[in-house]
Amino acid sequence: MKKVLVIYYSQSGQLLEITNNITKDLLADSEVNLSFYNIKLKEDYPFPWSKDVFYNTFPESFSQTPTALNDLDNPLLKEKYDLIIFSYQVWYLTPSIPANSFLKSDIATTLFKNTPVITIIGCRNMWYMAQDKMKQLLLNLDANLVGNIVLTDRHINHVSVVTIVHWMMNGDKTKRYLGLFPLPGISQKDIDTAIKFSPTILKHLKSGNYDATQEELIKQDATRIKPFLILVDRKANLIFSFWSKLVLRKEKISIQKREKYVKLFSYYLLFAIWVVSPIVFIVYLLAYPFTAKKRQLDINYYQRTALK
Ligand SMILES: Cc1cc2nc3c(=O)[nH]c(=O)nc-3n(C[C@H](O)[C@H](O)[C@H](O)COP(=O)(O)O)c2cc1C
């Protein structure tokens with residue numbers, strides 16, 4: 001009997017639906033004991049989000065400050081597993097606060113130690129540096145990352161920015177913004193076809209050999225990589241680092257100062273998306289003929305499970 005634990009958190013249910021599909025064959029197999037653990041926060045984030053809470057989540061999210069969790073004495077967390085499937089979403093270019101908090105909890109130390117882990121990401125499209133942070137978190141736990149599956153919104157960057165914000169603020173994935181924009185989030189087709197990863201995971205779970213897991217997942221298009229988005233992600237991480245530290249410094253003076261700087265950050269974010277990012281895109285296109293090697297190196301790296 002192989003024991004597998006799926007750990008997840010999902011506000012809209014999108015990531016849970018993806019995870020259910022990816023683990024379908026494991027659930028159906030009589031030789032696999034599959035359990036699900038839903039990360040529970042002492043004070044959960046609202047869904048749909050209000051604008052204020054959405055932006056106010058930024059400093060702690062980016063600085064990877066953990067929040068208090070419930071249900072950490074769940075018996076599921078006291079056992080050891082042949083495989084852990086860790087499903088997470090990206091908040092502000094970083095593993096979401098629920099995901100990060102769980103991995104920083106005491107219970108994670110024994111749970112993850114020397115255990116193979118497959119990560120599943122369901123996000124808008126910017127997951128590259130978040131997965132680097134995830135690799136570091138798993139390394140700190142002595143876990144063994146053996147696979148990564150990423151599902152994103154395939155629409156162009158600026159379209160998905162508009163549609164996801166609309167979705168996050170009204171909570172309804174079936175509503176088109178202004179009746180014109182495409183549906184937000186990961187397409188139903190991509191969610192449904194994520195079942196294709198299930199036999200690959202089952203095969204490696206049964207053999208107990210995960211050496212070729214990621215290689216086979218890549219052949220199934222598990223990590224679609226866009227070098228332009230890697231560039232934006234890297235630049236944005238530098239800028240977010242500045243803003244996150246600034247807001248947290250201001251908070252030490254007063255909560256009013258924090259609020260003021262979070263507001264300034266929200267304006268800056270709009271400026272970065274609508275003004276800076278198109279400029280970065282033009283620079284990227286101009287440099288394109290000279291960056292083939294770098295782009296290929298980036299693709300290779302983000303397909304791998306090892307940390308640089
Ligand atoms: C506060 C917040 C910040 C987000 N930041 C990012 C981000 O930096 N990159 C990204 O690709 N998606 C981002 N997303 C989208 C999420 O990764 C995710 O796709 C969405 O919240 C749906 O996940 P769910 O399964 O929890 O409902 C963000 C969402 C929220 C709520």
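Heavy atoms only: backbone and side chains are in, while hydrogens, waters and symmetry mates are out. Read the numbers this way: they start at 1 and go in the same order the structure lists the ligands and their atoms. A quick note: this is a predicted structure, and the numbers were derived from the prediction, not measured.
- Residue pairs meeting the salt bridge (charged side-chain N to carboxylate O under 4.0 Å, His left out) criterion with at least one member in residues 79-107, sequence neighbours excluded, are Lys3-Glu79.
- None of Tyr8, Tyr37, Tyr9 except one satisfies the ring pair (Phe, Tyr, Trp, His ring centres under 6.0 Å) rule with Phe102; the exception is Tyr37.
- Between Phe58 and the choices Trp243, Trp91, Phe265, the ring pair (Phe, Tyr, Trp, His ring centres under 6.0 Å) rule is met once, by Phe265.
- Sorted by chain then number, the residues whose non-hydrogen atoms approach ligand 1 to under 4.0 Å are Ser10, Gln11, Ser12, Gln14, Leu15, Trp49, Phe54, Gln89, Val90, Trp91, Tyr92, Leu93, Gly122, Cys123, Arg124, Asn125, Met126, Ile164, Trp167, Met168.
- No more than 12 heavy atoms of other residues, nucleotides or ligands shown are found within 6.0 angstrom of CD on Glu215.
- For the pair Arg249 and Tyr261, the cation-pi criterion (under 6.0 Å, within 45° of the ring axis) is not fulfilled.
- When each of Asp233, Thr223, Asp132 is tested with Tyr302 by the rule side-chain hydrogen bond (donor to acceptor under 3.5 Å, both in side chains), just one qualifies, namely Asp132.
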